[in-house]
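Notes follow the structure.
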Amino acid sequence: MQQHNFDVDIVIPSSKQKVKINKEFIEVNQSTIACADVSAIRYGVSLIGSAKKPERKEYTIDVQAKDGKNISIKFSSSKVEELLEEDHTYYYIMSGLWQYVKKYLVSHFIEILNAGETFDIGTTTVSNQGFMMTYKTWFWGKIKTELVHWNDIKYYLDKGILHVDSISDKRKKVKLSLHHDWNAVVLNTLMHYLWQDHRKEKLAKGEKI
């Protein structure tokens, strides 16, 4: 059986950016980041114009290295329809990014949780016990930060925003933008993984997943 090739090599027609992605590096024009050095990603497709009658789609893919260097892929369509040429371009680039970068980042976060350590995304800290959430108390409106355990968490995605909420206390919630918050897209995939085969329950017991 022939192995699928996820390498990307394209000049994007609308932005003229030359994009290369393989297992070694990501290159946009003359700027390069080694895949092993990628620390964060974010991406998304936005509709530009009025809500009722958008004029075009805007595609953005950002990659950040451990040293803070950023690479950005940006292009847009001239109309709004399903399966435009730009949609195919976006998914082509994303398939390479998924294979060579995002899969590694998901695995990296799992290793951190298995080691009993934490990682930060947006305004929250994630551990093998759950999420640290900041909220206002009913009394005096003080700001508090507390751990919300995995068994008290629900999550859903709505219009590019990842919502992570406490089931028992509506004040405790986290909102992360897939477009703007680094690694929110990775956390979204990780949450899908944790919600299968009782993995979050195993994590909470200190077991490795």
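The first residue of the sequence shown is numbered 1, and numbering continues consecutively from there.
Residues Asp67 and Asp37 are not in side-chain contact: their nearest non-hydrogen atoms beyond the backbone lie 4.5 Å or more apart. Residues Gln17 and Asn29 meet the side-chain proximity criterion, which asks for heavy atoms closer than 4.5 Å. By the 4.5 Å heavy-atom criterion applied to side chains, Leu187 and Leu162 are counted as neighbours. With contacts defined as side-chain heavy-atom distances shorter than 4.5 Å, the pair Ser78/Arg56 does not qualify. You'll find the side chain of Ile121 reaches within 4.5 Å of the side chain of Phe109, heavy atoms only. For the pair Leu97 and Val8, the minimum side-chain heavy-atom distance is 4.5 Å or more. Leu83 places a side-chain heavy atom less than 4.5 Å from the side chain of His88. At least one side-chain heavy atom of Asn114 sits under 4.5 Å from a side-chain heavy atom of Ile209.
Taking CD1 of Ile61 as the start and OG of Ser72 as the end, the distance is 9.0 Å to the nearest 0.5 Å. To the nearest 0.5 Å, atom NZ of residue Lys74 and atom OG1 of residue Thr60 are 4.0 Å apart. Residue Asp9 holds its CG atom at 5.0 Å from NZ of Lys18, rounded to the nearest 0.5 Å. From His149, atom NE2 reaches atom CD of Glu201 across 13.5 Å, with rounding to the nearest 0.5 Å. In this structure, CG on Leu203 lies 8.5 Å from CD on Gln129, to the nearest 0.5 angstrom. Between the CD1 atom of Ile143 and the OH atom of Tyr135 there is a distance of 10.0 Å, given to the nearest 0.5 Å.
Under the 30°/60° scheme for interplanar angles, the aromatic rings of Tyr43 and Tyr90 are found to stand perpendicular. Ring planes of Tyr104 and His108: parallel class, angle under 30° (limits at 30 and 60°). Ring-plane geometry between Tyr59 and Phe75 is classed as parallel, the angle between the planes falling under 30 degrees on a 0 to 90 degree scale with a further cut at 60.
Enclosure of atom NZ in Lys144 is not indicated, since only 12 or fewer non-hydrogen atoms of other residues, nucleotides or ligands lie within 6.0 angstrom. Within a 6.0 Å radius of NE2 in His180, other residues, nucleotides and ligands contribute 12 heavy atoms or fewer. Heavy-atom contacts from other residues, nucleotides or ligands closer than 6.0 Å to NE2 of His198 number 12 or fewer. In Lys66, the NZ atom is crowded: over 12 heavy atoms of neighbouring residues, nucleotides or ligands sit closer than 6.0 Å.
Looking only at distances, a side-chain donor or acceptor of Ser39 sits under 3.5 Å from a matching main-chain atom of Ala65. No donor-acceptor pair closer than 3.5 Å links the side chain of Trp195 to the backbone N or O of Lys200. A side-chain donor-acceptor contact under 3.5 Å links Lys69 to the backbone of Thr32. With hydrogens and angles disregarded, a donor-acceptor distance shorter than 3.5 Å links the side chain of Thr137 to the backbone of Lys142. Listed for the Asn188 side chain is no donor-acceptor partner under 3.5 Å among the backbone atoms of Ala184. At least one donor-acceptor pair closer than 3.5 Å links the side chain of Thr124 to the backbone N or O of Met132. No side-chain donor-acceptor contact under 3.5 Å links Asp62 to the backbone of Trp182. A side-chain donor-acceptor contact under 3.5 Å links Asp152 to the backbone of Ile167.
For residues 79-95, the set of pairs meeting the salt bridge (Lys or Arg N to Asp or Glu O under 4.0 Å) definition, not counting sequence neighbours, comprises Lys57-Asp87.
Considering all non-hydrogen atoms of both residues, Lys172 and Glu146 come closest at NZ-OE1, 2.8 Å. Closest non-hydrogen pair, Ile71 versus Ser31, comes out as CD1-O, 3.4 Å. Heavy atoms only, all atoms of each residue included: Leu176 and Gly122 are closest at CD2-CA, 3.8 Å. Considering all non-hydrogen atoms of both residues, Ser166 and Val148 come closest at CB-CG1, 3.9 Å. Smallest separation of non-hydrogen atoms from Gly130 and Ile153: CA-CD1, 4.4 Å. Among all heavy-atom pairs drawn from Glu55 and Val80, the shortest one is C-CG2, 3.5 Å.
Under the 4.5 Å side-chain contact rule for hydrophobic residues, Ile10 and Leu84 share a cluster. When hydrophobic clusters are built by joining Ile, Leu, Val, Met, Phe, Trp and Tyr residues whose side-chain heavy atoms come closer than 4.5 Å, directly or via intermediates, Val185 is grouped together with Tyr92. By the criterion of side-chain heavy atoms lying less than 4.5 angstrom apart, applied directly or through intervening Ile, Leu, Val, Met, Phe, Trp or Tyr residues, Tyr100 is not grouped with Trp98; the two fall into different hydrophobic clusters. Linking Ile, Leu, Val, Met, Phe, Trp and Tyr residues whenever their side-chain heavy atoms come within less than 4.5 Å leaves Ile21 and Phe25 in two separate clusters. Val164 is connected to Ile110 through a chain of hydrophobic side-chain contacts under 4.5 Å among Ile, Leu, Val, Met, Phe, Trp and Tyr, so both are in one cluster.
Side-chain atoms of Glu58 and Ser76 include no donor-acceptor pair closer than 3.5 Å.
Arg171 has a carboxylate O that lies under 4.0 Å from a charged side-chain N of Asp169, or vice versa, which qualifies the two as a salt bridge.
Among the candidates Asn183, Val186, Leu190, the single residue satisfying the side-chain contact (heavy atoms from CB on, under 4.5 Å) test with Phe119 is Leu190.
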Practice item. Please step through side-chain contact (heavy atoms from CB on, under 4.5 Å) for the pair Lys202 and Trp150, ending with a clear verdict. Key: CA-CA 10 Å; Lys202 289 175 185 172; Trp150 288 115; over 6 Å; no
Worked check of side-chain contact (heavy atoms from CB on, under 4.5 Å) between Leu147 and Ser127: CA-CA 9 Å; Leu147 175 69; Ser127 73; 4.2 Å; yes
